[in-house]
Amino acid sequence: MGKPLKILLVSPEIQPFAKTGGLADMCASLAKSLHSLGHDVRLFMPKYKQADEKKFSLQSLPVKLSIPVGEKNIAGEIFSGKLEDGAPVYFLGNDFYFNRNSLYGDEDEVFTDNAERFIFFCRAVLEFCKSLAFQPDVVHCNEWQCGLIPVYLKTLYSHDAFYKSARTVFSIHNLGYQGNFKAETLDIARLPEEVFTPEKAEYYGEFSFLKAALVYSDSLTTVSPSYSKEILTKEYGFGMEGVLKKRENDLHGILNGVDYLEWSPEKDPLIAKTYEPSDLDGKEACRSALLKRFSSTSGNKQPVLCMVSRLSYQKGVDLVIEALPSLLKTGLKFVVLGIGEHRYENELQKLSVRYPGNCLCLFKFDERLAHEIIAGSDMILIPSRYEPCGLTQIYGMKYGTIPIGRAVGGLKDSIEEFDLKTGQGTGFKFDAFDLDAFLAAIKRALSAFKNQKSWNRLTLNGMQRDFSWNQSALAYVRLYENLLNK
Ligand code: ADP
């Protein structure tokens with residue numbers, strides 16, 4: 001290994017402290033891998049209500065920050081904790097901004113002060129590192145909430161000797177979330193006028209955290225090779241394709257790994273019975289445990305399909321709702337675990353009333369249930385409109401739960417279409433975002449399910465694939481080193 005690097009990994013969510021999606025898993029597992037490679041990685045996130053001091057044994061540090069936000073100076077406290085492998089995690093506390101029931105908004109509405117909350121966050125992390133005398137080589141920022149960190153470093157902090165050699169990496173996890181706010185945000189952030197131009201942070205008259213990050217960061221990454229190409233097109237670029245095209249040479253697609261310490265059927269404490277490729281009895285026990293949750297035991301030999309997902313437009317929940325009546329009529333079972341848009345919850349709820357023994361809806365965010373459902377199902381549906389990486393298809397493969405996903409982004413990169421003749425492949429993919437293509441992929445899966453030998457082969461193919469972080473973490477290290485050597 002080269003010289004150990006000092007890496008500051010900043011994210012609005014980190015597993016297990018607070019999570020709404022794959023971003024939290026990615027940050028925690030990348031940090032653990034970097035830590036195990038011998039790098040000095042420190043993490044930074046807001047201290048939300050979910051990041052409970054007692055539950056996570058957080059310590060209050062004797063640091064008092066005072067961060068300019070608009071006309072005010074906002075006080076920030078710092079707490080420290082650890083990932084289970086020992087990597088330090090620092091939390092920015094301010095009850096008014098972060099002690100809320102959810103991370104970014106309530107119900108279908110985002111918080112109206114999100115710009116202020118994350119301006120405070122972005123500037124506070126830079127002040128905190130100085131007070132800690134932790135001088136990072138690389139500041140790795142994630143999602144729009146961290147988008148102003150590279151901007152501050154190249155403007156207000158550009159002459160600050162402390163950050164003279166720091167380089168910034170910005171990871172795009174989902175271009176659908178951009179942090180676009182009214183133009184006055186520039187003043188609240190106390191950034192100079194030069195930042196607010198169409199070449200920089202201005203996006204159709206608004207101030208965009210994401211666009212600013214895409215312009216000001218030294219290097220950009222996204223979470224799969226396919227998504228890194230898709231986002232250069234109008235179809236998937238969410239209006240950012242122009243600015244991304246200009247940064248094409250600095251944009252890298254690195255497929256997310258998964259944390260097999262958390263997600264392995266061999267040692268998962270959250271499932272009914274552990275299992276492994278050479279002994280699948282436990283999978284049957286997990287399946288039986290899941291089936292008990294349905295209101296009827298008839299049809300228990302039928303395939304069990306699941307979805308563990310945010311219920312959002314991106315995830316193609318509408319396609320699942322369209323497909324379900326014809327599928328449920330065949331007697332198969334379907335379970336969904338998810339929270340999100342009410343329109344989808346309502347439609348899914350109606351289906352569970354119409355097919356009570358076959359359709360089970362669990363509208364909550366529950367880590368244990370996610371494990372139970374992924375272990376107990378036969379197939380997992382991920383018919384996303386777009387998918388930067390996606391993790392549940394990878395968890396599915398590891399648990400012998402066959403993914404059926406749309407061939408976009410990380411789904412395209414991680415699922416290999418199963419070939420009945422050769423026995424190669426790990427799942428089923430479809431191209432067009434339409435009902436026929438989706439149902440055709442499900443049909444291929446259902447016919448493979450009928451053939452015990454093929455199904456076993458398919459199951460084992462997926463369970464034996466390796467999506468651990470080792471390779472991906474090394475790719476990030478190479479990227480950091482290249483940046484520092486530039
Ligand atoms: P995204 O980040 O776009 O939401 P990913 O597939 O990358 O999608 O990651 C989703 C993560 O969130 C996975 O770890 C999945 O298990 C988890 N997850 C999604 N919904 C729920 C839920 N309702 N309860 C528990 N975990 C969930």
Side-chain angles (χ1 to χ4, degrees), residues 11-30 50 102-104 142-145 171-177 222-224 226-227 230-231 236 238 254-265 268 270-271 290 293 306-317 320 335-342 344-345 348 360-377 380-399 401 403-406 408-415 427 467 469 472:
S11 173
E13 49 189 88
I14 297 168
Q15 173 70 357
F17 309 106
K19 163 168 166 177
T20 67
L23 166 67
D25 299 85
M26 182 274 191
C27 289
S29 33
L30 172 60
Q50 292 77 356
S102 49
L103 273 52
Y104 314 122
N142 293 276
E143 288 299 66
W144 73 260
Q145 291 88 343
S171 290
I172 303 161
H173 294 261
N174 192 330
L175 272 190
Y177 300 91
T222 187
V223 288
S224 69
S226 286
Y227 192 59
E230 288 165 0
I231 56 180
Y236 294 102
F238 277 95
I254 302 175
L255 191 71
N256 275 344
V258 300
D259 185 349
Y260 287 135
L261 288 175
E262 301 250 339
W263 288 95
S264 275
D268 189 335
L270 305 179
I271 60 178
L290 177 59
R293 289 189 177 271
C306 75
M307 187 167 189
V308 175
S309 177
R310 286 185 291 116
L311 302 178
S312 71
Y313 182 75
Q314 174 203 341
K315 299 291 182 181
V317 190
V320 175
V335 48
V336 58
L337 172 67
I339 48 173
E341 294 178 36
H342 285 132
Y344 298 135
E345 290 188 11
L348 287 163
L360 175 65
C361 296
L362 301 163
F363 299 127
K364 52 172 114 168
F365 195 95
D366 186 318
E367 193 70 27
R368 176 178 287 274
L369 270 175
H371 285 247
E372 180 185 326
I373 290 170
I374 290 176
S377 301
I380 182 160
L381 304 179
I382 322 106
S384 306
R385 282 189 165 76
Y386 69 96
E387 192 56 75
C389 178
L391 293 175
T392 57
Q393 80 279 12
I394 303 182
Y395 298 150
M397 283 183 239
K398 186 70 180 170
Y399 283 74
T401 302
I404 303 171
R406 181 149 177 258
V408 282
L411 296 167
K412 184 173 171 183
D413 293 342
S414 59
I415 304 173
F467 291 97
W469 262 97
S472 310

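Order of listing sets the numbers, starting from 1, for every ligand and every atom in it.
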Colleague: Can you list the atoms of ligand 1 that are under 4.0 Å from a heavy atom of Lys364?
Modeller: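 What qualifies from ligand 1 is 22 (C), 23 (N), 24 (N).
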Colleague: Name the closest protein heavy atom to atom 26 (N) of ligand 1, giving the residue it belongs to and the distance to 0.1 Å.
Modeller: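 Nearest neighbour among protein heavy atoms for atom 26 (N) of ligand 1, to 0.1 Å: Phe365 CZ, 3.5 Å.
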Colleague: Hey, which atoms in ligand 1 end up nearer than 4.0 Å to a heavy atom of Ala370?
Modeller: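 With Ala370 as reference, the close atoms of ligand 1 come out as 25 (C), 26 (N).
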Colleague: Any donor-acceptor pair under 3.5 Å linking the side-chain atoms of Asn174 with those of Gln314?
Modeller: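 Their side chains do contain a donor-acceptor pair, which is all the 3.5 Å distance test asks for.
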Colleague: Of all the heavy atoms in Gly390, does at least one lie under 4.0 Å from an atom in ligand 1?
Modeller: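 Yes; Gly390 lies near enough to ligand 1 that a heavy-atom distance drops under 4.0 Å.
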Colleague: Polar-atom distance check: Ile374 versus ligand 1, any N or O pair below 3.5 Å?
Modeller: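 The answer is no, given that Ile374 and ligand 1 share no N or O pair closer than 3.5 Å.
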Colleague: Among all protein heavy atoms, pick the one closest to atom 6 (O) of ligand 1 and tell me residue, atom and distance.
Modeller: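 Its nearest protein heavy-atom neighbour is Leu391 N, 2.9 Å.
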Colleague: Under 4.0 Å from a heavy atom of Gly338: which atoms of ligand 1 are those, numbered in the order shown and with their elements?
Modeller: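 Per the distance check, 23 (N).
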Colleague: Can you check whether Gly21 has an N/O within less than 3.5 Å of an N/O in ligand 1?
Modeller: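 No: no nitrogen or oxygen of Gly21 is under 3.5 Å from one in ligand 1.
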Colleague: Any nitrogen or oxygen of Glu367 lying under 3.5 Å from a nitrogen or oxygen in ligand 1? Just yes or no.
Modeller: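 In this structure, Glu367 places no N or O atom under 3.5 Å from an N or O of ligand 1.
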Colleague: Under 4.0 Å from ligand 1, counting heavy atoms only, is it the side chain of Pro388, its backbone, both or neither?
Modeller: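 The answer is neither; Pro388 stays 4.0 Å or more away.
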Colleague: Among Val223, Asp25, Leu23, whose side chain to side chain contact (heavy atoms under 4.5 Å, CB included) with Asn256 holds?
Modeller: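 Per the side chain to side chain contact (heavy atoms under 4.5 Å, CB included) rule, the option paired with Asn256 is Val223, out of Val223, Asp25, Leu23.
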Colleague: In terms of relative ring orientation, are Tyr399 and His371 parallel, tilted or perpendicular, with 30° and 60° separating the classes?
Modeller: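 Judged by the thresholds at 30° and 60°, the geometry between Tyr399 and His371 is perpendicular.
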Colleague: Near Tyr395, which atoms of ligand 1 are under 4.0 Å from a heavy atom of that residue?
Modeller: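 Near Tyr395, meaning under 4.0 Å from one of its heavy atoms, ligand 1 has 13 (C), 14 (O).
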Colleague: For the side chain to side chain contact (heavy atoms under 4.5 Å, CB included) test, which of Val335, Leu311, Leu348 pairs with Cys361?
Modeller: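 For Cys361, the side chain to side chain contact (heavy atoms under 4.5 Å, CB included) test succeeds with only one of Val335, Leu311, Leu348, which is Leu348.
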Colleague: Just let me know how Lys315 lines up against ligand 1, side chain, backbone, both or neither, with a heavy-atom cut-off below 4.0 Å.
Modeller: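 Under 4.0 Å from ligand 1, Lys315 contributes side-chain atoms alone.
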Colleague: Is it the case that ligand 1 has an N or O less than 3.5 angstrom from some N or O of Lys19?
Modeller: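 For ligand 1, there is an N or O atom that lies under 3.5 Å from one belonging to Lys19.
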Colleague: For atom 9 (O) of ligand 1, state which one of Gly176, Gly22, Gly409 supplies the nearest heavy atom.
Modeller: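 Among Gly176, Gly22, Gly409, the closest heavy atom to atom 9 (O) of ligand 1 comes from Gly22.
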Colleague: Just jot down the ligand 1 atoms closer than 4.0 angstrom to any heavy atom of Thr392, in number order.
Modeller: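 Checking each atom against Thr392, I get 6 (O), 15 (C), 16 (O).
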Colleague: Quick check: are there more than 12 heavy atoms from other residues, nucleotides or ligands sitting under 6.0 Å from CZ of Phe238?
Modeller: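 For Phe238, atom CZ is crowded (more than 12 foreign heavy atoms under 6.0 Å).
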Colleague: Side chains of Tyr104 and Glu13: donor-acceptor distance under 3.5 Å anywhere?
Modeller: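 Note: Tyr104 and Glu13 side chains meet the donor-acceptor criterion.
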Colleague: Mind checking whether Asp366 has an N or O less than 3.5 Å away from an N or O of ligand 1?
Modeller: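 Yes, there is a polar N/O contact under 3.5 Å.
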Colleague: Looking at Arg310 and Glu341, is any side-chain nitrogen of the basic one under 4.0 Å from a carboxylate oxygen of the acidic one?
Modeller: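 Not counted as a salt bridge, because no side-chain N and carboxylate O are separated by less than 4.0 Å.
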Colleague: Do Trp144 and Tyr177 have ring centroids that are under 6.0 Å from one another?
Modeller: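 Centroid distance Tyr177-Trp144: not below 6.0 Å, so no.
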Colleague: Pick from Arg406, Lys412, Lys315: which one makes a side-chain hydrogen bond (donor to acceptor under 3.5 Å, both in side chains) with Glu387?
Modeller: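 It is Lys315; the other options fail the test.
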Colleague: Where the closest heavy atom to atom 19 (C) of ligand 1 is concerned, which of Ala24, Ser309, Gly396 has it?
Modeller: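 The option holding the nearest heavy atom is Ser309.
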